[in-house]
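Sequential numbering from 1 along the given sequence is applied to the chain's residues.
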Amino acid sequence: MVVEHTSILIVGSGPAGLTAAIYAARAGYAPIVIGGYEFGGQLMLTTKVENFPGFPDGILGPDLMANMRVQAENVGARIVDRNVSAVDFSSRPFKLYVEDDLYTADAVIVATGASAKWLGLESEKRLQGRGVSSCAVCDGSFFKGQDVVVVGGGDVAMEDSIYLSKIANSVTVIHRRDKLRASYIMQQRAFSEPKISFVWDTVVQDIVGDKKVEGVKVRNLKTGEERFIKCAGVFISIGHKPNTEIFKDYLKLDEKGYVVVEDETKSSVEGVFVAGDVSDHVYRQAVTAAGSGCKAALDAVRYLEATSPLQ
């Protein structure tokens, strides 16, 4: 077993974690980032990113994350491409187990993000970035004047549908029940939008397309009727799951499993800070995650400077 101590340890290698690493490293703390085997977060599943500042022609999601990684390493961060298997925040220094190795830290930044919930179709995974998306704000602009499908019936699905209706030619909402789960106000807004139509009691059986989405095969749960709906994009809007399972015994979580924060980045444990989608179920954007990573690092540095001399 390898046992290693560091002043600041960051869990997560998406925009929040890597931005935190850049700021912590520039402050002289040489942070260690436990980045996971699936480095880079949700942006690794996207194609062209056009809403991250500094790239007037856009940039591929994996390229953006690769650039962030190189920048973090160049200023002194070290990235470990393995998963955290368990944590112990009951005493200081904090303990994080990475398979058979133990890392201890005076301050921790949790930036493990959230994972989109998917339908579980093979075609869904194959066509991610080729017309299948879980983020309307991220990818909606690629479907200007085209027909799209939104799968879901909650507030997120209605928000996505309304957003897409300003861009797309038409939005077809497919929902497995005969009524929405969304709040009353969101339902009324969606119902009043002429570009949005609804297909009730229906599930998506397959997403059709070779190199890009061409449509969806659906089945009515009450009648058994199957049909094809032509579209250029499919937005899966059935929610996100925060990656907080290993923290549940130590950090305060809300009813959906997101880490509860106070004063911008502070968790319920002093010395443990939070950044990105692991606590943000509202915005869920790369730029907001990066901004919160900056804040978490600055707060961690201030915490260490207030409690101990610079290591």
**OP:** On the 0 to 90° scale, with breaks at 30° and 60°, tag the W200-F198 ring pair as parallel, tilted or perpendicular.
**Re:** parallel

Subject >> Heavy-atom donor-acceptor pair, T244 side chain to G257 backbone, under 3.5 Å >> reply: yes

Original post:
Is a side-chain donor or acceptor of S267 paired with a backbone partner of F273 at a separation under 3.5 angstrom?
Top reply: no

Original post:
Would you say N67 and Q71 make side-chain contact, with heavy atoms under 4.5 Å?
Top reply: no

Original post:
Who are the ring pair (Phe, Tyr, Trp, His ring centres under 6.0 Å) partners of F235, not counting sequence neighbours?
Top reply: F143

Subject >> Heavy-atom donor-acceptor pair, S165 side chain to I196 backbone, under 3.5 Å >> reply: no

Subject >> Residues K125, E122: salt bridge by 4.0 Å N-O rule >> reply: no

Original post:
So how far is it from F94 CZ to D88 CG, rounded to the nearest 0.5 Å?
Top reply: 10.0 Å

Subject >> Contacts of R189 that satisfy side-chain contact (heavy atoms from CB on, under 4.5 Å) - sequence neighbours left out >> reply: I162, I185, M186

Original post:
Any side-chain heavy-atom pair from V272 and F247 closer than 4.5 angstrom?
Top reply: no

**OP:** Mind checking ring pair (Phe, Tyr, Trp, His ring centres under 6.0 Å) for F142 and listing every partner two or more places apart, or none if nothing turns up?
**Re:** none

Subject >> Between CG on residue N169 and CG on residue D147, distance to nearest 0.5 Å >> reply: 4.5 Å

Subject >> Atom OH of Y37 with >12 non-hydrogen neighbours under 6.0 angstrom >> reply: yes

Original post:
Closest approach of A168 and V148, non-hydrogen atoms and distance?
Top reply: CB-CG2, 4.0 Å

**OP:** Check whether any side-chain heavy atom of T6 lies under 4.5 Å from a side-chain heavy atom of Y103, and answer yes or no.
**Re:** no

Subject >> D155 side-chain N/O to S183 backbone N/O, donor-acceptor pair under 3.5 Å >> reply: yes

Subject >> Distance, nearest 0.5 Å, that separates CG of L119 from CD1 of I238 >> reply: 5.0 Å

